[in-house]
**Q** 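I'd like to ask some things about the structure below.
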2 protein chains.
Amino acid sequence: MQRTMAKRPLPPADHHAARFARQREADRTATAEDYVELIADLLREEGEARAVDLARRMGVSQATVTATVGRLQRDGLVETKPYRGLFLTPSGQEMARTAKARHELVVRFLIAVGLDPETAETDAEGLEHHASEKALAAFARFLAEREDGGR
Amino acid sequence: MQRTMAKRPLPPADHHAARFARQREADRTATAEDYVELIADLLREEGEARAVDLARRMGVSQATVTATVGRLQRDGLVETKPYRGLFLTPSGQEMARTAKARHELVVRFLIAVGLDPETAETDAEGLEHHASEKALAAFARFLAEREDGGR
DNA sequence: ATGATAACTTAGCCTAGGCTTAGTTTCGGA
DNA sequence: TCCGAAACTAAGCCTAGGCTAAGTTATCAT
Ligand SMILES: [Mn+2]
Ligand SMILES: [Mn+2]
Ligand SMILES: [Mn+2]
Ligand SMILES: [Mn+2]
């Protein structure tokens, strides 16, 4: 995949550690982001977001959804009305809005660099959680230039 | 970050679930990939990869390294000689080689689309685990075209 | 040669996020 | 109306990957 194995010396240990720490942090927030994004999507597209639908779409058992939603409630992102679905608190809505915009941006970017739309969607689901603000800005810049380029 | 919130209907539930399943799978393998890549780097650059150095560079306690390395051993990726460092089995070397190439590719790609090198390194540490083969191929294609473009 | 220090391990704890199985509660069709 | 099915909850289990604190053990400098 690459010819020359660059002889780059290792970064200072604390820098190195900081990278991994950021990665672990992103992993910790990923589930919440995916859930609230999906809840928002379901509310918008289907009018309601029931736990059973979340379970189906996340590919996870209902019990897992119950537990995860419990944590989201604890963290002030979600409210539940049993048999009537899930709802987002203001801060849940905020997170969903951000997550959705980021998700869309990553998908459009991946397509712009030559990935097919289906794979772009799949990959974006994971990649989105690890793109920093700076990376997202770079992606947006890239897309803006692409659109301009046609002119 | 985006003006129009595309009214894309939700994908079929099973497709949707498959995306999240792939994401979870990637998360499960990420730690092993990072460890073997780092062990390989340390062996190459420092001549040895001791647990204590791994701990420092991963930003994690020594006890965590012991536990994680135990899993890597169980999975046939690593061998240990106490006070003499860690070594990769053939399949560990193979994983390290792949992970390293992928890491380098992602970094170069991020820089090519306008990210500064330090952020590229940080983001790559997380992004690399979620880029499919197709995405990596697209990144490589993009880089090849960039290089060509100057001609 | 030996002992202080660094490296490593062990034990015990925690949370997130999975699972199955077994209840309970609500809804809606006959 | 009422009862079976669907939705939800609860209980109990598991693994990964973190932590701290308390041992061991090997190395190396004196
Ligand atoms: Mn996602
Ligand atoms: Mn998403
Ligand atoms: Mn990584
Ligand atoms: Mn890496």
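We use all heavy atoms of the structure for the numbers below, so side chains are in, but hydrogens, waters and symmetry mates are not. Labels below follow one simple rule: chain letters A, B, ... track the order of the sequence lines, proteins then strands, and each chain is numbered from 1.
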**Q** Indicate yes or no: does Glu25(B) engage Arg28(B) in a salt bridge with an N to O separation below 4.0 Å.
**A**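 Salt bridge flag = yes for Arg28(B) with Glu25(B).
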**Q** Pick base, sugar-phosphate or nothing for Arg71(A), based on heavy-atom distances below 4.0 Å to the nucleic acid.
**A**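 Arg71(A): base contact, heavy atoms under 4.0 Å.
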**Q** When we call it a touch if two heavy atoms are under 4.0 Å apart, what does Thr68(A) touch: a base, just sugar-phosphate, or nothing?
**A** nothing
**Q** Assess, by modelled atom type and distance only, whether the side chains of His129(B) and Gln23(A) contain a donor and an acceptor separated by less than 3.5 Å.
**A** yes
**Q** When all nucleic acid strands are considered with a 4.0 Å heavy-atom cut-off, which category describes Ala67(B): base, sugar-phosphate, or nothing?
**A** nothing
**Q** For nucleotides 28-30 of chain C, which of its nitrogen or oxygen atoms have a protein nitrogen or oxygen under 3.5 Å away, and what is each distance?
**A**
none

**Q** For Ala49(A) and Thr64(B), find the nucleotide of DNA chain D closest to each by heavy atoms; which residue's nucleotide sits nearer the 5' end?
**A** Ala49(A)
**Q** To the nearest 10 degrees, what angle separates the axes at the start and end of the helix from dA1(C)-dT30(D) to dA30(C)-dT1(D), five pairs each?
**A** 0°
**Q** Could you tell me how far apart Met58(A) (CE) and dC19(C) (P) are, to the nearest whole angstrom?
**A** 10 Å
**Q** On DNA chain D, nearest-nucleotide positions of Arg84(B) versus Arg84(A): which is more 5'?
**A** Arg84(A)
**Q** Earliest and latest nucleotide of DNA chain D, 5' to 3', sitting under 4.0 Å from a non-hydrogen atom of chain B?
**A**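 Range of nucleotides touched by chain B: dA16(D) to dT27(D).
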**Q** Please identify which of these residues, Val65(A), Leu42(A), Val52(A), meets the side chain to side chain contact (heavy atoms under 4.5 Å, CB included) condition with Arg57(A).
**A**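 Output: one option passes, namely Leu42(A).
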**Q** Please state how far atom CG in Asp53(B) lies from atom C1' in dC8(C), giving the value in whole angstrom units.
**A** 13 Å
**Q** Contact class for Val65(B) (heavy atom, under 4.0 Å): base, sugar-phosphate, or nothing?
**A**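 Touches nothing.
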**Q** Parallel, tilted or perpendicular: which one describes the rings of Phe109(A) and Phe109(B), with boundaries at 30° and 60°?
**A** tilted
**Q** Could you check how far OH of Tyr83(B) sits from C1' of dC8(C), rounded to whole Å?
**A** 5 Å
**Q** Rounded to the nearest angstrom, tell me the gap between atom CG in Asp27(A) and atom C1' in dG18(C).
**A** 15 Å
**Q** May I ask you to say whether Asp27(A) pairs ionically with Arg24(A), meaning some side-chain N is under 4.0 Å from a carboxylate O?
**A** no
**Q** Mapping Pro82(B) and Ala30(A) onto DNA chain C by nearest heavy atom, which one lands closer to the 5' end?
**A** Pro82(B)
